[in-house]
Amino acid sequence: MSEVKKSLNFLEQIIEEDLAKGLDKSKLKFRFPPEPNGYLHIGHAASICLNFGLGIKYNAPVNLRFDDTNPVKEEQEYVDSIKNDIQWLGFNWAEELYSSDYFQQLYDWAIMMIKNGKAFVDDQTSEQIAEQKGTPTKPGSNSPFRDRLVSENLDLFEKMKNGAFDEGTHVLRAKIDMSSPNMLMRDPVMYRILKKAHHRTGEDWKIYPMYDWTHGESDYIEQISHSLCTLEFKHHRELYDWFLDQVYDPEKLRPKQREFARRNLSYTVMSKRKLLELVESGYVNGWDDPRMPTISGLRRRGYTPRSIREFSDSAGIAKRDNVTDLALLEFHIRNELNKTAPRVMAVLDPVKLVITNYPEGKEEMLTGENNPEDADAGFRTIPFSRELYIEREDFREVANKKFFRLKLGKEVRLKNAYIIKAESVDKDADGTIKVIYCTYDEDSKSGSGTEASQRKVKGTIHWVSSKHALKSEVRLYDRLFTDEAPDAHKERGFKEFINPDSLKVIPDAYVEPSLATAQKGDSFQFQRLGYFNVDKDASDDRLVFNRTVALRDSWAKIEQRK
RNA sequence: UGACCCAUAGUGUAACGGUAGCACUCCGGUUUUUGGUACCGUCAGUCAAGGUUCGAAUCCUUGUGGGUCAACCA
């Protein structure tokens, strides 16, 4: 048995080193800490796959912890959608927890810090505090309230807690170092007054802890061994460790924060703020618009949990800024759907085709293979008749020999049916082809085993019987932006790069009748076109399909070169 | 005019002082009743300059380029 050794990413190496240095494997514990202020996107999926993936790899618990310290922005709706998305991706958390569960403990620790002279109440406005903060290149200066008596601090802090003061009038600050080169260490705010109802604690609290004060202590309370976050928190690590020092008991595990680069995707944006802007300004139809890089958008588009997990795994984890090619995501969904999606025929841009030597009124049921990649997928029947629809672009009156499709005087195979030859066309006044007249070779029926059925013709095209076809709506999606990195331009806003053709609706496409029983969410391959799934907008009398992704199309590439 | 982080084919990611590899993309070919799939193949890379070493993508120095940091957001 030779097993290819899978290389470890740098975070796994850190874990392995900790284990080698004596950390008990049973102490390994991770967490995914979303703020419930928006929907999860493909970048979060990378973090989810990382943390829950480590949990699976090391058989360690992974907590879902909502970082809910800002009642102004957070809502139950987001909590619900986040839980749903994580489960849909296929992961299970050990415990569902909330930073707000720790408000009392955090408050008690803050009192202790005041008593230890490590925190003080500042009466200044945020503007004054900002002014004293200095800049990255200039040190800050101390607050005039920095050396307040412990008793006074205790009294003031309690009054803050009890709602005696207005918002913005007082904050509790850690007493660290106003001249630190790390701005975060310049007496950071630990608590602010916020008289807002919290989605879980209601009216209990008039003060709310800040991220830095909350996050590391929450990790410590939960005994998270490795707290993994994105690169922009690198500078926070010093403060994370400082706050931990204030409460740390050497008997307990000390959490370790490490940072990795967030996953970016080409031709889209990934910040919640920008995504929200797209939703609110109506460029897309909600957070689950199939063009959105949100988990809910990708789900509606037809992406599967597995394809997203495999995308995340193959993209990897590292520390450098990146823009991952959208083509990699598309590769993974095609790769899965190719194996699982039943094949059907659908005509999106129909032109009528009449087989003049096929008896009028005759109908027959032909057999089609559901999936050549899956021997167990079975077969279905497809009605055939004298009048069909084919794809308009599959016919040309004249074309060179690179065009493998139907042209006058030449033959082509109708998928799962007969070989036909184009004889003539009817056009309307402006030259648009109305009907293509063909003859068929009666002995060439697919699968009949006759000599004629085994003739090799260069092209095979898809079709539907006009009498039997179902009309349905088909939505063709394309990338939301025309630029690889729409938000990487200093002089231009990301919305300048919005793709005006990101959605094309075909109100009356024709699909084969077997689709009548298709259920919302079901995925199919429309042969020669792409993968499509049934949208939630579908109703009993009207199918609606989303194009998940087109098939690779080497003909389109040949055409483009001209 | 600061601190910290990062730099490997077009993109993403390995190689942990000992032959620069993998995936996607691109391009070419074979097979094919999907111009799909599958299979085969081609092109293509260590930011630069010094230094240490028998040997450097890897260690050191300097430079260059990119990113992060001045919310009572997370």
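Chain naming here is simple, since letters A, B, ... match the order of the sequence lines and numbering starts at 1 in each. Side chains are part of it too, since the values below use all heavy atoms of this structure and drop only hydrogens, waters and symmetry mates. Worth saying up front: this structure is predicted, and the values here are computed from it rather than measured.
When the P atom of B/A15 is taken as reference, atom CZ of A/F10 falls 12 Å away, rounded to whole Å. Between A/I317 atom CD1 and B/A23 atom C1' there is a gap of 16 Å when expressed in whole angstrom units. Here B/C26 presents its P atom at 12 Å from CG of A/L328, a figure rounded to the nearest Å. Atom NZ in A/K138 sits about 13 Å away from atom P in B/G2, given to the nearest Å. Across the protein-nucleic acid pair, A/R263 atom CZ and B/U11 atom C1' stand 10 Å apart, rounded to whole Å. Whole-Å rounding puts the A/N322 CG to B/A14 P distance at 11 Å. Counting to the nearest Å, the C1' atom of B/A3 and the CG atom of A/D177 are 13 Å from each other. Here B/U13 presents its C1' atom at 15 Å from CG of A/L50, a figure rounded to the nearest Å.
Taking the charged nitrogens against the carboxylate oxygens, A/R455 and A/E451 have no contact shorter than 4.0 Å, which rules out a salt bridge. By the 4.0 Å N-to-carboxylate-O rule, A/E391 lies too far from A/R405 to be salt-bridged with it. A salt bridge links A/D187 and A/R146; the closest N-O separation between the charged side-chain nitrogens and carboxylate oxygens is under 4.0 Å.
Between the side chain of A/K415 and the main chain of A/R528, no donor-acceptor pair closer than 3.5 Å is present.
Taking atom C1' on both B/A20 and B/G45, the two are 8 Å apart, rounded to the nearest angstrom. Remark: the separation of the P atoms in B/C47 and B/G10 is 12 Å, to the nearest Å. Comparing the P positions of B/A70 and B/U52 gives a spacing of 42 Å, expressed to the nearest Å. The gap from the P atom of B/G21 to that of B/C43 amounts to 13 Å, rounded to the nearest Å. Comparing the C1' positions of B/A14 and B/A23 gives an interatomic distance of 11 Å, to the nearest angstrom. Here, B/G36 and B/G28 have their P atoms 12 Å apart, quoted to the whole Å. For B/G18 and B/A56, the C1' atoms lie 10 Å apart once the distance is rounded to whole Å. Separation of the C1' atoms belonging to B/A9 and B/U61 is 28 Å when rounded to the nearest angstrom.
When the options A/Q525, A/R343, A/K339 are evaluated for a side chain to side chain donor-acceptor pair (under 3.5 Å) with A/N371, the one that passes is A/R343. Tested against A/Y510 for a ring-ring contact (aromatic ring centres under 6.0 Å, His included), the candidates A/Y389, A/W463, A/F545 yield a single pass: A/Y389.
A 3.5 Å limit on both hydrogen-bonding distances identifies B/G51 as the Watson-Crick or G-U partner of B/C59. Under the Watson-Crick or G-U wobble criterion, with both distances below 3.5 Å, B/C69 is paired with B/G2. Summarising the base pairing, B/G36 is matched to no nucleotide, lacking a Watson-Crick or G-U wobble pair whose two defining distances lie under 3.5 Å. Using N1 to N3 plus N6-O4 or O6-N4 for Watson-Crick, or N1-O2 and O6-N3 for G-U wobble, each under 3.5 Å, B/U13 pairs with B/G21. Summarising the base pairing, B/C43 is matched to no nucleotide, lacking a Watson-Crick or G-U wobble pair whose two defining distances lie under 3.5 Å. For B/U31, there is no paired base (Watson-Crick or G-U wobble, both distances below 3.5 Å).
Within the model, atoms NZ of A/K401 and NZ of A/K407 stand 9.0 Å from one another, a figure rounded to the nearest 0.5 Å.
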Problem - Base-contact (B) and sugar-phosphate-only (S) positions in nucleotides 31-48 of chain B, heavy-atom cut-off under 4.0 Å, - elsewhere - result: --BBBBB-----------
Handout entry: Base versus backbone protein contacts along nucleotides 67-74 of chain B [heavy-atom cut-off under 4.0 Å; B, S, -]
Key = SBBB-BBB
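No engagement by A/V72 is indicated, since no non-hydrogen atom pair under 4.0 Å with the nucleic acid exists.
Under a cutoff of 6.0 Å and an axis angle of 45°, A/R148 and A/F120 do not form a cation-pi pair. Judged by a 6.0 Å distance limit and a 45° cone about the ring axis, A/R479 is positioned over the six-membered ring of A/Y267. A cation-pi contact links A/K161 to A/Y107, judged by a cut-off of 6.0 Å to the six-membered ring centre and 45° from its axis.
Residue A/K557 places at least one side-chain N or O closer than 4.0 Å to OP1 or OP2 of B/C26.
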Exercise for the section: Using the side chain to side chain contact (heavy atoms under 4.5 Å, CB included) rule, take A/R334 and A/Y531 through it: C-alpha gap first, then chi angles, then the decisive distance, then the call. Expected result: CA-CA 8 Å; A/R334 285 194 190 104; A/Y531 296 98; 4.2 Å; yes
Could you list the protein-to-nucleotides 17-21 of chain B atom pairs, N/O on both sides, closer than 3.5 Å?
none

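A donor-acceptor pair shorter than 3.5 Å cannot be found between the side chains of A/E35 and A/Y78. Side-chain atoms of A/S100 and A/D68 include a donor-acceptor pair closer than 3.5 Å.
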